[in-house]
Amino acid sequence: MTSSSDTDHIPAKSDRDAVADTVNRYTYALDDRDWALLDEVFAPDAVVRYGAAEAPAVRGRAATVAMIRSFLDRCGPSQHLLGNHIIEIDGDTASSICKARVLHIGAGDNANLTYECVGVYRDRLSRSPQGWRIVERTFVIDIELGDRHAVLGGGSAG
């Protein structure tokens, strides 16, 4: 009788799972303020738009991280929840759509204030030697609750 190792029963991670992990990793990076983790999310030349489909483009991972920090560094805790993922794979490219609900708590004198937004992330990803990376992201906010400017100091949430 032959024995099999535990790994024989673990399926290989599918491309769909790997894309979902990349998209989800973004939420942990933001909520943990782990800015270096965004290197595992965005391609170096990523283009992002936050707030609306026609929002001005932010170009490059460094500029994207700086933009995200421009509002999250001003608020207290946040929680980014994603769900309803739809992922399509085409060779070394992928598209991902998911719903988001994001809660931001104020900091300092604004610790009693909240800002919440609900919207949709639409991503295009590319497979690199390091794994899947977002090359283009648009976050369209559909619902806003609370005081964005008091909690985030301006800027678009996401």
Side-chain angles (χ1 to χ4, degrees), residues 7 10-105 114-146 148-149 151-158:
T7 58
I10 300 172
K13 185 182 282 191
S14 71
D15 282 336
R16 185 199 181 287
D17 290 340
V19 167
D21 284 351
T22 299
V23 172
N24 291 332
R25 190 171 289 116
Y26 167 83
T27 69
Y28 287 91
L30 271 57
D31 294 339
D32 294 340
R33 307 307 195 260
D34 183 353
W35 310 123
L37 184 57
L38 291 173
D39 289 353
E40 297 177 28
V41 174
F42 291 107
D45 58 349
V47 177
V48 302
R49 289 173 180 82
Y50 280 60
E54 64 279 356
V58 176
R59 299 185 182 281
R61 182 171 51 218
T64 298
V65 173
M67 182 269 301
I68 293 168
R69 291 191 68 173
S70 74
F71 52 87
L72 285 185
D73 281 349
R74 298 174 186 220
C75 77
S78 63
Q79 185 177 55
H80 291 69
L81 300 175
L82 304 180
N84 303 339
H85 293 267
I86 298 174
I87 296 169
E88 295 181 3
I89 308 293
D90 184 11
D92 288 337
T93 63
S95 64
S96 170
I97 301 169
C98 66
K99 303 266 184 173
R101 185 169 184 174
V102 184
L103 175 65
H104 305 86
I105 308 294
T114 62
Y115 168 68
E116 187 170 11
C117 61
V118 177
V120 176
Y121 285 106
R122 296 180 185 277
D123 298 319
R124 280 190 326 101
L125 297 93
S126 180
R127 187 192 322 259
S128 74
Q130 296 76 35
W132 289 95
R133 298 294 184 266
I134 295 171
V135 295
E136 187 175 346
R137 162 166 277 183
T138 301
F139 179 52
V140 175
I141 297 173
D142 297 316
I143 301 169
E144 294 183 279
L145 303 168
R148 176 179 7 140
H149 296 288
V151 174
L152 301 178
S156 296

How many angstroms lie between atom CG of Asp15 and atom CD of Glu88, to the nearest 0.5 angstrom? 13.5 Å
Take Arg49 and Glu136 through the test side-chain contact (heavy atoms from CB on, under 4.5 Å) and record every step on the way to the result. CA-CA 8 Å; Arg49 289 173 180 82; Glu136 187 175 346; 4.0 Å; yes
Side-chain heavy atoms of Thr22 within contact of Leu125, under 4.5 Å: yes
Looking only at heavy atoms, what is the nearest atom pair of Trp132 and Val19, with distance? CD2-CG2, 3.6 Å
Take a 6.0 Å sphere around CZ of Arg127 and say whether it holds more than 12 heavy atoms from other residues, nucleotides or ligands. yes
For Ser96 versus Ile87, what's the shortest heavy-atom pair and its separation? OG-CG1, 3.9 Å
Considering the options Arg148, His104, Arg101, which one meets the side chain to side chain donor-acceptor pair (under 3.5 Å) requirement together with Glu116? Arg101
Contacts under 3.5 angstrom, residues 55-64 side chains, donor-acceptor by atom type, not counting sequence neighbours:
residue	atom	partner	partner atom	Å
Arg61	NE	Asp39	OD1	3.2
Arg61	NH1	Asp39	O	3.3
Arg61	NH1	Phe42	O	2.6
Thr64	OG1	Gly60	O	2.8

When rounded to the nearest 0.5 angstrom, what is the spacing between CG in Leu103 and SG in Cys117? 9.5 Å
Per side-chain contact (heavy atoms from CB on, under 4.5 Å), Tyr50 is matched among Ile68, Thr138, Ile141, Val140 by Ile68
Which is it for Val23 and Leu82 under the side-chain contact (heavy atoms from CB on, under 4.5 Å) test, yes or no, and what are the steps along the way? CA-CA 9 Å; Val23 172; Leu82 304 180; 3.7 Å; yes
For the CG atom of Asp32 and the NE2 atom of His80, what is their distance to the nearest 0.5 Å? 11.5 Å
Look at atom CG of Asp90 and say whether more than 12 heavy atoms of other residues, nucleotides or ligands are closer to it than 6.0 Å. no
With a 4.5 Å heavy-atom cut-off, do Leu38 and Leu30 have their side chains touching? yes
Could you measure the distance from the CG atom of Leu72 to the CH2 atom of Trp35? Nearest 0.5 Å is fine. 4.5 Å
Rounded distance (nearest 0.5 Å) linking atom NZ of Lys99 with atom CG of Asp142: 7.0 Å
Are Arg133 and Glu40 close enough, and set up right, to give a side-chain contact (heavy atoms from CB on, under 4.5 Å), and what steps lead you there? CA-CA 7 Å; Arg133 298 294 184 266; Glu40 297 177 28; 4.3 Å; yes
Please determine whether side-chain contact (heavy atoms from CB on, under 4.5 Å) holds for the pair Ile97 and Val120, giving the CA-CA distance in whole Å, both sets of side-chain angles, and the decisive distance to 0.1 Å. CA-CA 7 Å; Ile97 301 169; Val120 176; 3.6 Å; yes
Classify the ring geometry between Tyr121 and Phe139 as parallel (under 30°), tilted (30 to 60°) or perpendicular (over 60°). parallel
Taking the side chain as everything from C-beta on, heavy atoms only, tell me whether Arg74 gets closer than 4.5 Å to Leu152. no
Mind checking what makes salt bridge (charged side-chain N to carboxylate O under 4.0 Å, His left out) contact with Arg16, not counting sequence neighbours? none
For Arg33, salt bridge (charged side-chain N to carboxylate O under 4.0 Å, His left out) partners two or more places apart: none
Nearest heavy-atom pair of Tyr26 and Val41: which atoms, and what distance? N-CG2, 3.7 Å
